[in-house]
Novice: 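Below you will find the structure I want to go over with you.
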Amino acid sequence: MNQLPVEYLFFVGAIGLVGIGVAGMLLCRNLFRVLLALVIAEAGANLLLVLTGYRWDAVAPIVLPGMPAGTTMVDPVPQALVLTAIVIGVGIQAFAVAVLIKIYHGYGSLDRRRLAAMLDRDMNELAGVGPGRSPEAPAGKRPFPPPEQQEGRS
Amino acid sequence: MMTMVVAVLVVLMLATALLVLVTPNMIAAVAASSAVSLVVSVLFVMLRAPDVAMTEAAVGAGLSAMVLALGLRRLGLWKLDNREKDDA
Amino acid sequence: MRNLISLLFVGGLVFLLLVLTLQAPFAEGPMLVGKGILQQGTEETGTANLVTSVVLGYRGYDTLGELSILFTAALALGVVLGRRRPEAPRDLEAGLVLRASSDLLFPLLLVVGLYIILHGHLTPGGGFQGGVILAAAFFLPVLARPSQRISHAGLMALEALAGAAFIIIGLLAMRHGGQFLQPLLDKGQLGSLLSGGTLPLLYIAVGVKVGAELAGLLVRLGDAEADS
Amino acid sequence: MNAVALLVVLPLLAAFLTPSLGRVSGLAAKLLGPAVLLFCLGLVWHYSTGDGLPFSIALGGFLPPLGINLYVDSLALLFAGIVFLLVLLAWPWGDGSREQYALLMLLAGSSAALALSGDLFNIFVFYELGAVASFGLVVSAGTRAAHLATFRYLLISGLGSVLFLLGVAIVYINTGTLNLAHLATLAPQSLNNIQGLVAFVLILLGVGVKAELFLVNSWVPEVYATAPGWVSGLLAGIVSKLAILVLLRLLILVFDFPDAHNLLLLLGVAGFVSGELAAWWARDFRRLLAFSSIGQLGLVFIGFSISGQAGVMAGLAVALHHVLVKPALFYLAESWGGALGRLRGAGGRSPLAAAVFVLFALSLIGVPPLPGFWAKMLVIMGLAGEGGNLQITAIAAVLVVTVVEAAYLLRLVGSFYAGDGPEAVPSKQGPGDISRALLFAVGLLLAMVFVLPLGDWLSSVSGEAMNVPHYVAVVLQRGELQ
């Protein structure tokens, strides 16, 4: 009955996937890779969810002909949840790829930081305000000096 | 025996997942993410979840890789020697 | 700095989860709902595959939400990539091997997909898995013969029909004071193809919808490639 | 009673049919949605005026906790009604494409489902549905900035859903159930520990993405600045409010621990302070509104952190006030959405719009007769009633930051009436935007006049929502599964 290490292993696997995925989402700079990291994190969460319904002494939750009554089965509920979650995941993923294509068309880059800077500039342009926190386009009077100097662009 | 198999699979899975994050080649990254799904689906079989395993194999390893590959082609990253400049 | 905070966050998350789940009652969780379903599931829904009884019976409403999400994703993807452009020049046809094998594979995939959908209440598999295979069956010819196109309108209509069918089967149950999505029809002999009441019908709707949906997603992404 | 499922199902059915119907007849596609929405509004009215509330239905005839149930009380019906009303108001302002109509119906259906749902995983499914529908609406602006903002929103939201799933896994492994009522009976034993707290934090972060919670709200200014104005109004009016309703239910039924409340208080104060300070620094109208929205939702969380009925009531009051104010302000932003400097002298060019803005601004600040004052008052009174050190600090923070809020709003109001601006450009309001904003202003004034009956009604609604034993009894009427 010394099955302890195996259960640790499953958990380590699931949580490791989540950890790697989330770390990738936060640290990678290429947006396509960030999307891949999200996929990995989702797979980890799904694995963890299936683990919650697992039993050692049980069989898959399918009644087969000739199966003795009262056979223990694993919990079907988390499995159903994971089925749902997987399909949801792929739908969102396809949409994300389409958006990514458009972003690449629009900005010519997938680098997260460069894109963030360009988004900032775009939003300022859209709103008709100058780049950065410049002192010459304030609303009314500002009692404090601007906290940061204008960035490189004029 | 079971422990050994699971240990090998888990290590393989985590290593592949890390590979997704660090490999400079995007095609390899997509392939690796598909491989992660494949290992996960094997784990699902061991956890007695055949339905989930089938779905993960069909959706995660097959379809999702296809979607990502189509995306890569459109993004112009479909090159084997592509060292992305954008990734740190 | 930001990287450091991110790493700390991830480290904390992993550590917490590890500590918590290793304390948790693994493999002997309370399973209150699960036990109930294992006891009553086959009687209440008439399906041999209890995961199917959960997906379409006990949590059929979740499945409706999930179908809606796929539908929404396809719609939103259409909004992003825009309406289809008029015929753009396409690549030449693929090689003979690919074409021949696609001709060979198409009926095979179709049959396998339908088989998996139809037996979803008996064996592992069902609408989602079969639907993915159907999608592959319809996308394969597109890969082999880029000049041929699948009509988006047709796929969309098929999908709308399947989605509406799911809801209407659910609504029919309400006519006689039943609840939305309550199983109808005879439950039949457990383990035979014609068992499980309306659940196999629901699974066919799911399969067709998922298949049309995913094929549409792939075709759209592939189309987008043509005019780049 | 079972017809209550139609509130969710009919909008979804309409959404499925709209794109195909639009191919046959554009007019039919345009009219199908409003017809369904009006029918749903009628249904909401029918249930909320009839007796027999609260009740619960078991979908598919599978009794909870095995199946999924819909729980119908005044609070759920109130939010469902708000959803249908706001979507109906937004209907004529889209670009008229059938995809957009379908997305609006999906948003309506998913939001109604969230309001009624009595199952933890079901909440996840429809939360995701609402998220994807809102991605589609935001991206319909079609600019590259909108695409990028949507993608960043999608990533945060994806991270949130992973965290939510982890939380669900921890809850399930400890209790073996997902039904909220069943969880309410089990939580005092199984979840009143570190596991429960971690599950709460994970689920809070997951749902908090849409509720603009501090830490996971970085998408808010980007999305609100790039999306079409009416979409921002919908997001601020519907999506964030439904996320808050979900959190409220979970807080009352499942995670009713002191630690959870304190955490909510901290995050709420952080959100309020950071939001209002950022709004002070904002230089364009949309981002000012976005940051102010973060601040207001922080105030809602502060309200919910107060234990007992006072907290529920305070949080709901702030949330409902925000529903009245923010969508209207975003409608105004449709033509005012530029730099604040360009709004100089706007009071002369479109006096009506400026007057409406002044009204909303005063209410946001909390000037006495207006409803915003009562909402803020309830929060502060509730905090004072708790009386802990943390709560006193929170009161001080709220009061100080209110001064900041007043300063930036009044600064803007002042510039409206400060002669003609340097560039007398657009800032003229279209008749559609101003008439809708006026509708909300009238609502606000009515709320001011009828503040006492409203207060009584809110008190009874929150009392009903607070009554956990009753909730459990209604849902698990046929005895609990062992």
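Fair warning: this is a prediction, and the values are worked out from it, not measured in the lab.
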Novice: Taking C-beta and beyond as the side chain, do V52(B) and I86(A) meet within less than 4.5 Å on heavy atoms?
Specialist: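 Counting from C-beta outward, V52(B) and I86(A) do come under 4.5 Å.
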
Novice: Quick one: pull up CG in L21(B) and CD1 in I20(A) and give me the separation to the nearest 0.5 Å.
Specialist: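 Those atoms lie 7.0 Å apart.
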
Novice: At what distance, to the nearest 0.5 angstrom, does CG of L47(B) lie from CG of L51(A)?
Specialist: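 Those atoms lie 5.0 Å apart.
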
Novice: List the atom of Y54(A), the atom of R48(B), and the distance in Å for their closest heavy-atom pair.
Specialist: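 Looking at all heavy atoms of both residues, the shortest contact is OH-NH1, 3.1 Å.
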
Novice: Could you tell me whether the side chain of M26(B) reaches within less than 4.5 Å of the side chain of L110(A), counting heavy atoms only?
Specialist: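 Not touching, per the 4.5 Å side-chain cut-off.
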
Novice: Donor-acceptor pair, distance only, cut-off 3.5 Å: does the side chain of Q79(A) make one with the backbone of P50(B)?
Specialist: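 No; zero donor-acceptor contacts below 3.5 Å.
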
Novice: If you tally heavy-atom pairs under 4.5 Å against chain A, which of V39(B), L43(B), V5(B), V40(B) wins?
Specialist: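 Among the listed options, the one with the most contacts to chain A is L43(B).
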
Novice: Any chance you could measure L75(B), atom CG, to F32(A), atom CZ, to the nearest 0.5 Å?
Specialist: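 Here the rounded value is 6.5 Å.
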
Novice: Counting only non-hydrogen atoms closer than 4.5 Å, does V67(B) touch chain A with its backbone (N, CA, C, O), its side chain (CB onward), both, or neither?
Specialist: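 For V67(B), heavy atoms of backbone and side chain both lie under 4.5 Å from chain A.
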
Novice: Do the non-hydrogen side-chain atoms of H105(A) and R74(B) ever get within less than 4.5 Å of each other?
Specialist: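 H105(A) reaches R74(B) side chain to side chain.
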
Novice: Can you tell which part of I40(A) gets under 4.5 Å to a heavy atom of chain B, answering side chain, backbone, both or neither?
Specialist: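 Only the side chain of I40(A) comes within 4.5 Å of chain B.
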
Novice: If you tally heavy-atom pairs under 4.5 Å against chain B, which of V82(A), I103(A), V74(A), V50(A) wins?
Specialist: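 When all of V82(A), I103(A), V74(A), V50(A) are compared, V50(A) has the most.
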
Novice: Heavy-atom pairs under 4.5 Å with chain B are the metric here; pick the option from V39(A), L35(A), L36(A), N46(A) that has the most.
Specialist: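 Heavy-atom pairs under 4.5 Å are most numerous for L36(A).
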
Novice: Hey, which of D51(B), V36(B), V20(B), V30(B) has the most heavy atom pairs under 4.5 Å with chain A?
Specialist: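 Heavy-atom pair counts peak at V20(B).
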
Novice: Side chain, backbone, both or neither: which part of V11(B) has an atom under 4.5 Å from a heavy atom of chain A?
Specialist: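 Neither; nothing under 4.5 Å.
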
Novice: Report the distance from atom CG of L9(A) to atom CG of L9(B), rounding to the nearest 0.5 Å.
Specialist: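 So the CG of L9(A) and the CG of L9(B) are separated by 10.0 Å.
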
Novice: Work out which heavy atom in A17(B) is nearest to a heavy atom in L17(A); give both atom names and the distance.
Specialist: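 Distance-wise, the nearest heavy atoms are CB-CD2, 3.7 Å.
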
Novice: Within the distance-only criterion (no hydrogens, no angle test), does the side chain of R33(A) pair as donor or acceptor with the backbone N or O of T23(B) below 3.5 angstrom?
Specialist: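 Present.
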
Novice: When rounded to the nearest 0.5 angstrom, what is the spacing between CD in E42(A) and OG in S64(B)?
Specialist: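 One finds 9.5 Å between CD of E42(A) and OG of S64(B).
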
Novice: L27(A) versus chain B, heavy atoms under 4.5 Å apart: side chain, backbone, both or neither?
Specialist: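 For L27(A), no heavy atom lies under 4.5 Å from chain B.
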
Novice: For M66(B), give me all partners under side chain to side chain contact (heavy atoms under 4.5 Å, CB included), at least two apart in sequence or on another chain.
Specialist: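 Result, side chain to side chain contact (heavy atoms under 4.5 Å, CB included) vs M66(B): F139(C), L143(C), L218(C).
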
